[in-house]
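Both counts, for ligands and for their atoms, begin at 1 and track the order of listing.
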Amino acid sequence: MSQQEKKGKIVVISGPSGVGKGTINSRLFEDPKLRLVYSVSMTTRKPRPGEVNGVNYFFASPEEFEQAVEKNELIEHANFIGNSYGTPRKPVIEQIHNGKNVVLEIEVEGATQVIKKEKNVLSIFLMPPSFYDLQSRIMSRGTEPDNIIKERLTKSLMEIPLKDNYQYVVVNDTVDNSVAKIKDILIKERLTDYHEISGYEKLIKDVREIIDKDYRLFVEILKENLDKLAPEYQKAFANGDIPASLTQVLGEKIYRYILEYGQFSDLTNYKKVQVLVNTAILNIDFFGVKNDESKKF
Ligand SMILES: Nc1nc2c(ncn2[C@@H]2O[C@H](COP(=O)(O)OP(=O)(O)O)[C@@H](O)[C@H]2O)c(=O)[nH]1
Ligand SMILES: Nc1ncnc2c1ncn2[C@@H]1O[C@H](COP(=O)(O)OP(=O)(O)O)[C@@H](O)[C@H]1O
């Protein structure tokens, strides 16, 4: 299938105000091979210094926004700290059909609407390394008065617990590290014009090598106790190829762990991966005993 025929995806990127969404996106857009286009939202918020109408946002009056809602011109919309924000539907559909990946930089409520009702969605939640970092970033940006900063930081404490509704969670500790991780996710999801394999696929290869080298007896034990495993692992191992399925289970967990807490370079650091495999195996409740009421103290 040619690149043009390949449809793009809606790429939802959320995260608390000040976490670095705009910064990361502008870096990602520097790479045409990621096939990203930006969905320009409509908002009733006033422009910040330097923001251009039609580029950063379509700045609208409450009446104009209300009209767009009534005419069903928005894929989703939500209220955020006293202003309305919404995603115009038409440009998104057109760009997806042109094979582009359309970035919706939207807050959690709107993101939930999109994740629930749209197909072809890739969702990423950007996390700050700490609340202190988030506070200093939103303050150093200097775009909001103190009272709004406080309201936005309060809102972040209600958004962060919803991070696991997203397919991927990426910590924005440094801009380079988070850009590298998001680029890898796009390559893993086959959404780019890159032909190299993703860090994820390199990780899976190493995990399989470690299982074949160090965990032959562990694989035998799983095989002989399939009927006693927790339902999710019975399903995961149902195809009978335990080494391959165990590689998949561990690989996904380790990939997500590195995205949320680690360095991008960890993905291809064999020694680091070995430690993560050893730890993951001892921390996965394969037999589901934790959910067994009789085992509760
Ligand atoms: N639901 C929804 N949220 C949006 C949209 N556009 C921007 N937002 C979100 O609204 C929140 C406030 O955006 P903004 O005022 O630009 O502040 P910032 O996040 O600090 O840059 C952020 O979480 C944005 O991701 C939109 O079209 N729909
Ligand atoms: N990884 C990072 N480390 C330190 N500062 C950052 C990082 N990412 C973004 N910033 C800074 O934090 C502030 C908020 O970033 P911004 O992209 O506006 O966040 P958002 O779009 O999520 O509100 C900006 O001043 C930006 O330069």
Side-chain angles (χ1 to χ4, degrees), residues 10-29 38-60 64-65 68-69 73-92 102-118 121 123-145 148-160 162-163 165-166 170-182 263-264:
I10 290 179
V11 181
V12 170
I13 297 185
S14 299
S17 179
V19 71
K21 300 183 294 297
T23 306
I24 302 294
N25 279 331
S26 50
R27 277 285 299 279
L28 290 168
F29 284 113
Y38 188 64
S39 158
V40 181
S41 296
M42 182 183 276
T43 184
T44 58
R45 164 166 83 66
K46 290 288 159 277
R48 291 174 182 155
E51 285 187 330
V52 178
N53 187 35
V55 175
N56 303 85
Y57 281 103
F58 293 113
F59 293 102
E64 286 164 335
F65 194 94
V69 173
E73 289 171 351
L74 304 177
I75 293 185
E76 56 73 37
H77 62 91
N79 191 290
F80 185 88
I81 320 275
N83 287 305
S84 300
Y85 295 82
T87 302
R89 175 190 317 281
K90 203 158 153 285
V92 173
V102 187
V103 173
L104 270 57
E105 190 190 302
I106 63 179
E107 48 67 65
V108 174
E109 241 177 82
T112 307
Q113 294 167 41
V114 172
I115 294 168
K116 274 197 185 131
K117 73 181 183 191
E118 298 296 328
V121 175
S123 57
I124 299 172
F125 190 94
L126 262 186
M127 275 289 281
S130 71
F131 183 82
Y132 179 75
D133 286 298
L134 184 64
Q135 168 188 311
S136 48
R137 288 179 193 176
I138 194 166
M139 285 175 164
S140 66
R141 186 175 69 185
T143 52
E144 264 77 28
I148 295 290
I149 286 180
K150 201 162 168 214
E151 272 191 72
R152 283 172 173 243
L153 287 172
T154 307
K155 180 82 175 176
S156 72
L157 296 175
M158 300 170 208
E159 291 185 312
I160 285 170
L162 300 174
K163 65 186 169 75
N165 289 350
Y166 291 68
V170 172
V171 67
N172 179 18
D173 47 2
T174 69
V175 177
D176 288 346
N177 194 30
S178 25
V179 166
K181 289 177 182 177
I182 294 177
Q263 296 305 311
F264 174 67

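- For atom 8 (N) of ligand 2, the nearest protein heavy atom (residue, atom name, distance) is Asn172 ND2, 3.1 Å.
- If you number the atoms of ligand 1 from 1 as listed, the ones under 4.0 Å from a heavy atom of Tyr57 come out as 6 (N), 7 (C), 13 (O), 14 (P), 16 (O).
- Counting the atoms of ligand 1 from 1 in the order shown, those under 4.0 Å from a heavy atom of Gly110 are 1 (N).
- If you check which protein heavy atom lies closest to atom 21 (O) of ligand 2, you get Gly22 N, 2.9 Å.
- Only the side chain of Phe80 comes within 4.0 Å of ligand 1, judged by heavy-atom distances.
- Interface atoms of ligand 1 facing Gly86, defined by a heavy-atom separation under 4.0 Å, are 26 (C), 27 (O), 28 (N).
- Near Val175, meaning under 4.0 Å from one of its heavy atoms, ligand 2 places the atoms 1 (N), 2 (C), 7 (C), 8 (N).
- Distances from ligand 2 to the non-hydrogen atoms of Asp173 include at least one value under 4.0 Å.
- Between Ile24 and ligand 2, a contact under 3.5 Å exists for no N or O pair.
- Distances below 4.0 Å separate heavy atoms of Ser41 from the following atoms of ligand 1: 5 (C), 6 (N), 26 (C), 27 (O).
- Under 4.0 angstrom from ligand 1, there are no non-hydrogen atoms of Glu109.
- Listed by number with element, the atoms of ligand 1 under 4.0 Å from a non-hydrogen atom of Ser17 are 18 (P), 19 (O), 20 (O).
- Tyr38 has its side chain out of reach of Val55: every pair of non-hydrogen atoms, C-beta onward, lies at least 4.5 Å apart.
- Residue-level proximity to ligand 1 for Arg45 is carried by the side chain, the only part with a heavy atom below 4.0 angstrom.
- Judged purely by distance below 3.5 Å, without hydrogens or angles, the side chains of Ser130 and Asp133 pair a donor atom with an acceptor atom.
- Gly15 does not count as a contact of ligand 2, since none of its heavy atoms falls under 4.0 Å from the ligand.
- Within 6.0 Å of NZ in Lys117 there are more than 12 heavy atoms belonging to other residues, nucleotides or ligands.
- Counting protein heavy atoms only, atom 18 (O) of ligand 2 is closest to Arg141 NH1, 2.9 Å.
- For atom 3 (N) of ligand 2, the closest non-hydrogen atom on the protein side is Arg137 NH2, 3.4 Å.
- Between Arg45 and Arg152, the closest heavy-atom pair is CD-NH2, 4.2 Å.
- Neither side chain, Asn79 nor Glu109, offers a donor N or O lying under 3.5 Å from an acceptor on the other.
- Counting heavy atoms under 4.0 Å from ligand 1, residue Met42 does not touch it at all.
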